[in-house]
Amino acid sequence: MKTYRKSQKLFKQAEAVIPGGVNSPVRAFKAVGGNPIFVERAKGSRIFDVDGNSYIDYVLSWGPLILGHAHPKVVKALKSATEKGTSFGAPTALEVELATLVLKAYPSMDKVRMVNSGTEATMSAIRVARGFTKRDSIIKFEGCYHGHADGLLVKAGSGATTFGVPDSPGVPKSYAKNTITLPFNDLNALKATINKEWKSIACVILEPVVGNIGCVLPKLGFLETLRKLTIKYGIVLIFDEVMTGFRVSYGGAQEYYRIKPDMTCLGKVIGGGLPVGAYGGKKEIMSMVSPEGPVYQAGTLSGNPLAMTAGIETLKILSVRGTYKKLERLSAMLGKGLIDASKRAGVATKFYRAGTMFCTYFTDKEVFDYATAKTSDTSKFSRFFSGMLRRGVNIAPSQFEAGFMSLAHTEKDIEDTVKAAYESLKEAEK
Ligand code: KE4
């Protein structure tokens, strides 16, 4: 029987010194109830909590650890990099090496700038798009999360094509009014909005596969039409591939769906578990970025040698022939097993997957946007989550998050996961 005494004690201490006891809200288990486990260490496909419990991990730090935790080659490279100094605030060859690897994988980009988080990447990309087009409005889609910059914490105003309203206290109405929020996969709303507002629209930003409401796939023709419309009206198309990058495929969703965006945001995997974000695009757009151009963006630790080292080692391993074939085989095996477990347990679920990211929704409806994702039975999901945790499987503590596969997961891990899922599904159904 698992005990969580040390985690519970630590959580009490954490709540006294950190807001909500965590440094990022989703970690607090608010969506599923109970207290978070505190992790002591991780290796391969597993994490180990401070009470000595171990879990097969499908959160993988919300995506970055696609090689699995503490990959020996990444650890070795980081150790030697640390001995040479941790940050210089001056250019290094490592930044050139990672930028070159990223541009090779994402040919839609001519140049890329390293930052320290996905939030910085999207915030900066939007600023550059506004500077390039001299327009102020942006379009985003309901349920897409692009980090916590003010102008992105916005929900749809009343009526699909009116400007947004703040989705968090502290965001001035004046910031939100430039953000139009539309339903994902809704081509009618998109066409109506762009036809009406194109003169003021600098960019459309989206997660090409929406990982922040679980795993929502673009409908056939949605991305293609979006690409055509944005070209027609001179609107910058930004693919936020912070999560889908190197996850949906090595070249991200843009490779998988064969769409060339004007700008791309990356993060997570390219840092190999260290803080990195990146934004890039066509040279005529990126030439706007200071000091080459007038749009200002900066960062003390941008491109720091440790994060670059972890990213380079990670991409080198990912670029080895056959890697994504193995990732696809493992991900497909898990998907098939989870779908089968739901059928055997007699629980209505919908499973979606794009490469190595996936989600099981507790609904019998097809999920293609925020509204349909919200038809999920979140209390049933919470019971499922607790059952999986008790059985040694760590999944995201929210129905509206994606799960992730790593190269370190084994067939035995997946068999054990499916077994735990079957038992947890039956339990959740009661
Ligand atoms: P960060 O600022 O958290 O590095 O990246 C923001 C971001 C931007 N774009 C996409 C598509 C993202 O998924 C994210 C962050 N993802 C969440 C997971 N849903 C991070 C987890 C968290 O907030 O703790």
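In listed order, ligands and their atoms are each counted from 1. For this chain, numbers begin at 1 and follow the sequence in order. As the structure is a computational prediction, the values presented were derived from the model and not from experiment.
Only one option out of Tyr257, Phe368, Phe184 pairs with Phe222 in a ring-ring contact (aromatic ring centres under 6.0 Å, His included); it is Phe184.
Side-chain contact check for Asp413 and Ser45: at least one donor-acceptor pair (N or O, by modelled atom type) lies under 3.5 Å.
Around ligand 1 you find Ser24, Val26, Trp62, Ser117, Gly118, Thr119, Tyr145, His146, Gly147, Glu207, Asn212, Asp240, Val242, Met243, Lys268, Glu401, each with a heavy-atom distance below 4.0 Å.
A salt bridge is absent between Lys219 and Glu366; no separation between the charged side-chain nitrogens and carboxylate oxygens falls under 4.0 Å.
Cation-pi geometry between Lys374 and Phe400 is met: the NZ or CZ atom falls under 6.0 Å from the ring centre, inside 45° of the normal.
At distances below 3.5 Å, at least one donor-acceptor pair connects side-chain atoms of Arg113 with backbone N or O atoms of Ser290.
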Do any side-chain atoms of residues 10-38 form donor-acceptor pairs under 3.5 angstrom with protein atoms, and if so which ones, sequence neighbours left out?
none

